Structure formats: structure tokens, C-alpha cells
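In what follows, a single structure is set out as C-alpha cells and then discussed.
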Amino acid sequence: MAFELPSLGYSKTALAAKGMCEETLELHHGKHHQAYVTALNGFVEKDPSLQGKSLEDIIKATHNAADKAPVFNNAGQHWNHILFWQCMSPTGGTMPGKLEAKITEDFGSVAKFKDAFKAGGVGQFGSGWVWLVLGGDGKLKVTKTPNGSNPLATGEGKVLLGCDVWEHSYYLDFRNRRPDYLQNWVDALANYEHAAAQL
Ligand code: MN3
């Protein structure tokens, strides 16, 4: 079975009022994410050792394997983007009480969490991702990964939220202002209902 581009779960205009325009979603979902899926399927077709494996298994099997770096990058980006679409919502920004309590316990306050998430995304030099994960110690933490990597590969914990900080995710809406994109993302776009459901 070939890997497929998932649907967004909302229309391409649904996030416009929240700071992510139709053209961003058209290009990011329809072109960038599709390109990762197409490339991944091409690698799987040519490599029997990848065939029949789940996306998660391919990511784990190719992480840190130098000769499989292109496979890892595209598989990781497919996994990351599946999550990314789920981590935003037309009704984003509202935090359920259960998540707010856990965030307050582990970060000190919601504002401190948002600052940490923003700092993680701003501090990721070049392309990559910033994540809110539940670590093996039961505590929430912010972590970042370069390029197509993710906490599934690094074993840093269970992902509650993941935000794409590649320039293609914010350049049409925020130009070069990654900090503004991240501030808007945690304030207006983040699907905290989805995050709470992972706890
Ligand atoms: Mn992207």
C-alpha cells in the first residue's frame, strides 16, 4: 500500500481568519506535503527492506542510517505534516482545563509554556520543528528537531503538539517574522483539544 496525502480536516480557507491563508495551505499541503509522500513512495518502491513497513517503523529503521537519509527525511516529513494539520484548528487557541492544569504544573504558567515553545521554534536554526512532548518522566517539555526529524525518531516523548518552522509554513503570512508566526500559532492556531486528548 502506497502512502497517501491525508485530507486537512478543514477547508483551505478555514484558518485564514487565524493567520494562515488559503495559498499557504494550498502550497504547504498540496505541494510540499504531497512531494514528501511522492518521494517516500518512490523510495519504498525501489527498496524491498522498506516494503510492508508502517510509517513509524520506516522512521525508526532509517533514523541515523547515513545511507537511508533521504528516506528518513521524507518519511519524517510525512509523519510530521500529518500531525501538523491535526495540531491546528479553525477554533484553535482555546485550552481545555485538563491541559491548562498540566501545563501550569510543568511550566509554571500558560504564558511561560508559550514563551518556551516560541523560544524553541525561534532557536531552531534553519528548517525544523518545535514540539510539546510528554517525556518518559511524565513531565511536559518543549523540544526542537532539525529538518525532517521528530520526537518519534529521537525518543524524546509522546507528541502533544508539533509546529513547522520551515520558511514555507509562514513566509506568505508573516514573511521573515518567525517569532510573530509562532506567537500567533500558540495564541490562535494551536489545537489544544487535540493536545489534551494525547494526555
Ligand atoms: Mn512543512
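For the numbers below, each heavy atom of this structure counts, side chains included, while hydrogens, waters and symmetry mates do not. Not measured: the values here are computed from a predicted model. Atoms within a ligand are numbered from 1 in the order they appear, just like the ligands themselves. Numbering of residues begins at 1 and proceeds along the displayed sequence.
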Item checked: Exercise: do Gln77 and Asn80 side chains pair donor with acceptor under 3.5 Å -> yes

Check: Angle subtended at the Mn ion (ligand 1) by NE2 of His81 and NE2 of His168, to 10 degrees?
Finding: 150°

Margin query: Under 2.8 Å from the Mn ion (ligand 1), can any N, O or S atom of His33 be found?
Written below: no

Note to self: Could you identify the N, O or S atom of Asp164 positioned closest to the Mn ion (ligand 1)?
What the structure shows: OD2

Margin query: With a 6.0 Å cut-off on the ring centroids, do Trp185 and Tyr170 count as close?
Written below: no

Notebook entry, point to check: Side chains of Gln183 and Asp187: is there a donor and an acceptor less than 3.5 Å apart?
Noted result: yes

Next item on the list: Please find out if the Mn ion (ligand 1) and some N, O or S atom of His28 are separated by less than 2.8 Å.
Entry: yes

Item checked: Centroid-centroid distance, Phe84 to His28, less than 6.0 Å -> yes

